[in-house]
Amino acid sequence: MARSEDAGHHERAAGAGAGVFAADAEVGRDLARVDWSATPLGPPDRWPQSLQTAVSILLSSRFPMWMAWGEELTFFCNAAYRRDTLGQKYPWALGRPAGEVWREIWGDIGPRIDTVMTTGEATWDEALLLFVERSGYTEESYHTFSYSPLRDDDGTVVGMLCVVSEETERVIGERRMTTLRDLGSDPSVVRTEQEILAFADQQLSGNPQDLPFTLTYLFQPDGSAKLAGCNGMSSGHPAAPAVLPPGEGVWPAAEAAGGESLLVPLDGPPFSGLPAGSWAKPPTQALVTPLLRQGDTPYGFLVAGLNPFRVLDDGYRGFVELLAGHLSTGVASARSYEAQQRRAEELAELDRAKTTFFSNISHEFRTPLTLIMGPLEELRTRFADGDRRVREELDVVHRNGLRLGKLVNTLLDFSRIEAGRMQATYEPVDLPALTGELASVFRSAVEKAGLVYDVDCPPLDEPVFLDRGMWEKVVLNLVSNALKFTFDGSIRIAVRTEGSHAVVTIADTGIGVAADEVPRLFERFHRIENARSRSNEGSGIGLALVKELIGLHGGTITADSTEGEGTRFTIRLPFGTAHLPTASVAPARDTRTVSSADPYVQEALRWLPDEDGTGAGGGVPPVPPTGADTSPDRATGPAVTARVLVADDNADMRDYLTRILTGAGYRVDTVEDGAQALEAVRAQAPDLVISDVMMPELDGLSLVAELREDPRTASVPALLLSARAGQEASIEGLQAGADDYLVKPFAAAELLARVRANMELARLRNHQARWRAALVDSLQEAFFVCDENGAVIEINAAFTDILGYGPEGLPYQPIHPWWPDAETDAAAHDQVAAAFSQLVGDAKGSYSIPVTHQDGHRVWVTAMFSEAQDPDTGSQVIVGTFRDVTAEHYAIQRESAQAALGMRVSRAASLPEALTGALAELKDLWSARRVLAVVRGQGQEPEVTSTDPDLTWEMLSAERREEFTGWLEQPPLTAVSDAKGAGITVNHPEGPMVLHVTLGENRPFTDEDQLLLSLMAGQLAQALARAHQIDQQRETAIALQRAILGPSHLPEGFAVRYEPATRPLEVGGDWYDTVALPDGRIGIVVGDCVGHGLQAATVMGQLRSACRALLLQDASPARTLMALDHFAAGIPGALCTTVFCGVLDPGTGELTYSSAGHPPGILTHPDGTTTLLEEGRSIPLAVRPGRHRPEAGCTVPARATLLLYTDGLVERRSRPLTAGIDQASEAVQDGREAAVDDLATQVMTRLAPANGYDDDVALLLYRHPAPLEMSFPAESSQLAPVRKALRSWLGQCELPPHMVQSVLVAAGEACANAVEHGHRDAPGETVRLRAEAHAGALHLTIADSGRWKQPQPHLNTHRGRGVGLMHALMQRVTITAGTTGTIVDMHTRIA
Amino acid sequence: MTTPLTLIPGHQPDGSPLLTVVGEIDMTNTGALAEALDGTEGSLVVDLTAVEYLDSAGLSVLFAHADRIELVATPLLGPILTVSGLAELTTVHGLTAEGPAGDR
């Protein structure tokens, strides 16, 4: 013990170290008490400053800290550390070696401290788990801390400081929260108890720290507890028995059942070997917590093994209780869900059982009833006059049969109501009248009973919506009920209005009902015991049914009764229809007579004293006297023995039916089920089928449906027998196609009557059908009937003739067999499919389609159809007719195709265009992939024309080429074909041609197609020949025109164009001409003769020649034109020719001109401005021969461009001529920097209308000065003359003087190079120089045939300098040296 | 055949030597020019006022004597004397007054 108990010592120490420990009063005091001299540190007054400072800082900090100093790592701490972490170790720990203080965790922290002490580096740990013993037990604790070195005054590490925060609460709190959160994270809303507990166990297993193990026990009804959940422990462990018997076992179940929590020490067996969770040792305690249930004993309890390193504090206990609460909630919701589920299932099962039961009653009761009542009717008839005793007994049987039937019907009504299948029809009914009428059938019985019968039913203001059948049952039940229980007094029936309700009361003065029985009066099957009544019979369901039926009407029924005084039933029915389902409300129908009263009345009469013993007497409606007609010997048998097939699985019924029918003279065959019946009918159709509805194998409804499906049996009449009464059942039967429907029980007479009627009808119908068939077959057009799905169900003979498909294949389901194949003929198939959808979709219409005859050939039909209703079945059918239009179709196709081809070819302007057009037409016609024409013409290889414009002969495969070559040998109009398509040989003007159509996929080429192709090929051959002829004529004319046109050698500086009109392509009378005059001047002529064609061309030729001659004679434009006036006057067709005639001095640019009605020339200056040569103008040629013509002069400036033209260039429909002239001016302006020949092309292109010129055009361009072209031998002596010529030309170009010199030097250098280098090995070769002026630039080209050397200034200074000069003086110099010579291109802008 | 060229040796009013050249100087006659120049010694004024054409062949001759000659020329020869660089080596009279030499 280092702490001193010695006060004196304490005083001294305190005195000495008071300053060191002053920062904290309490801990400082305890530190001061430590006997420091016993520690390696010695007394505080001798402590180094560093230690004193460290202690002082430690004590003054409010953050939990401890420190160790010196060789023993003596322990210090501050108040915060004491509070959070040190616990019971304070103040014992102060001054002790740290290793002693934290002995239990030294294994964890020792190495860390060593690290700090040896390396001087700080450590950091976050939420480190440390098992400390500070509260008397080993405790799980968490700390976030850092160890940092403390140095002495020399800087040596002599201690460490720990800054720490205790995180135990946080870490454990978060852990528990996570567990609780996970428990609540169950994603499914409701699960079974087992699933919920398994899920909980899984979540709890995520926290092995707080819950090393858990067990969940649930109490069983016998008081035992069953292990329902187990976490962390194997279920076979002795501490986890599967069942805890009541009052015993390892866990205190009884206390838990009492709602107590209990802490159980886990000592000895059976608790040895318990799982430890995440710890090194198992729990020593477990908390048993009840799973509380609201207001009841707990569901069970949770056993939670506790963390041995934590005490069970409030937080821990609360945590376990929350877990238990969670489990309770889960068990509660699971149990409630299970209970609901079970209840729902039980209810559903009950309902199913009930419904099945009631449905079965139908069959089980009705069939035997029929077999009882049928023969009974016969017996009663037979013994009507016989033995009285027998008769009476028969009556008893009869009456009871009726009762039984009534009971069955009532039960069936219930089952329908339950199943929601009660088919009510609410119609407006005169309630008092109907009620009175119903009541009246009991009158005799009531009066016979000696009671007063008061029916008080005055009319109401408005009708009540009722289902008559139901209302009948209501009234009959209530009145018979009244009669049954009333022995004296009266029965009163009254109808009144009360507000919005009609009120019907039925009151009696009978025995009444005890007050406590009244509420149960309307309960089903409830019978009041020991009540005095006229009869003990009764099922107790009459009133219950009444209540249900009234409920269906939206009404209510109440009963008031006083025992011994009587009972009053009050029915309240709302007026109007608001309370009724709309679909069930119907308008008023004819009132029917009471239909179901008989059983009630018969029964009631039996309760009364029988006076004469006959039963049915007085005014009681007699049993329908059906028996009278049913005796076989009296039946009016059929004229011819008709066959009836009876299908019923009940042997008695079969025998009974056979007896009746045989007796009536029918031949009867019987079968036992629907399948046999179907077989029998198919084998040999009977005249009538009588079938039970409910049969094994194939029931009656299906049998009828099958019969109707098959056209062979569709017309066999069928009569269904069924135990199922009611409208919905008979509707179902009739819908299935039954001709009639008879409900069991039925009277023999009724059956026979129906059989007879149906046979008659069928016979009549068959007669009509035969008539109809004969009529239809006699039609010339094909006739068919389709059902609504498009299946062909009836056809006539013409149908078979046209398509090859006969009636034996009926019905023909879509896709019908005559549809073109979808694979091989997709287009036709689609066409038929489209028509088909029209057929089944539209009410009526018509279409023409290609179809395939049964033998495979193509037939075109035009069909008309319209919708109709089958009078027998009421179903929608489609009736149609069609005729064979194959021949017409192909004729029309041929005609239109030929017309289209003719049109296309006639529009073509040339032979190739005609062929291209024809191919396109053929491609369209057959929807072909490609159409190809191969012509073997003059060339070596055949020419290919194709709808694929790029296809050439070379691109075809070798086999294909060979194939075509072979075909080309065939005579014209020979059909050829291959896998890809079909073709034909044709005569092309240039040689044999093969035309080949490559068909699209799945498009067969039929004989008709082949025929059409042949026809079109013939037509094409003629068209091509014609086109060829026209082509030749045109070519001749153009060649002629070009031949007469223009000079063979055009002077420099000129460009000319002639373009014939495009459409119709014809030569015209336009011309241009230049004439070299003896004085060096040039005569220029542009003229335009009226008209087109060869005629005009001839006139033009004459005028042109004349004009040339005249100019040569006299270089005056005016005089030339005046002479030409006279000449033209003598030439037919020359009148009105317009001519521009000019004479140009190419040296000076001076131009004299005269115009004979010709459009003005356009002069474009270098700056872009234009002038029109509008002077010197007069009338066209030959209009006034002898008349003086004016002459004008102008100078074409240097680098200006002159444009002369004929009106075809500028004249357009609906546009003034000036617009065209402006457009031409712009074109020349824009092209003034282009070479003159390029400019000519530009102008012609730019002014051309979209579809080409529609008049011929002559155009002449001149740019002044004309380019200089010189050729001279490569000799230096040539340099001076060349220079002189160039200098002169440059002068014509009107350039600034310095520019002339620059161009001269540059050109001179190029020429000198050509002479000196290019040709030193071969002197005398030619050098060519060309200089050309555009509006704003000069171009020079000096070309030789030698090779230049690259400039090498060091070898030859002045030559190298020459190239340098060229570059310096010109704007662009390009020297192109090749094997054939060197070309110097130079360019400079004119500034 | 050589291009006609007239070479007139003479003296300035101050007595210094002067060579007056008349005509066009091209590769055909540079030999004559070179001879004329070689025949003189010391500084020399070459008067090119009457020269209408001078190309690189003539320039090379003049370059050979650039350190001892002065030139007199019209603006017509300005560009070629300038772009060739000769005007930088010798004094050229008569260019600036007229303008083209001023283009430098």
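Source: prediction; values computed, not measured.
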Exercise. With no hydrogens and no angle check, is any side-chain donor or acceptor of A:Glu1309 less than 3.5 Å from a backbone partner on B:Ser56?
Worked result: yes
Problem set entry | Residue, of B:Asp26, B:Leu54, B:Thr30, that accumulates the most heavy atom pairs under 4.5 Å with chain A | B:Asp26
For this session: Please report the shortest heavy-atom distance between A:Pro1297 and B:Leu76, naming the atom on each side.
Result: O-CD1, 4.3 Å
Problem set entry | A:Leu1369 versus chain B, the contacting section by heavy-atom distance below 4.5 Å | side chain
Seminar exercise, completed: Heavy-atom closest pair (B:Thr3 atom, A:Arg1283 atom, distance to 0.1 Å) is CG2-NH2, 3.8 Å
Exercise. Got more than 12 heavy atoms from elsewhere within 6.0 Å of CD, B:Glu35?
Worked result: no
Exercise. Is any side-chain heavy atom of B:Met27 less than 4.5 Å from a side-chain heavy atom of A:Leu1279?
Worked result: yes
Exercise. Do B:Leu77 and A:Gln1301 have side chains that get closer than 4.5 Å, going by heavy atoms?
Worked result: yes
Exercise. Should we count CZ of B:Arg68 as having more than 12 external heavy atoms under 6.0 Å?
Worked result: yes
Problem set entry | Test log, rule side-chain contact (heavy atoms from CB on, under 4.5 Å), inputs A:Leu1365 and B:Ser84 | CA-CA 7 Å; A:Leu1365 280 178; B:Ser84 64; 4.2 Å; yes
Seminar exercise, completed: B:Glu52 and A:Arg1287 have their tightest heavy-atom pair at O-NH2, 3.8 Å
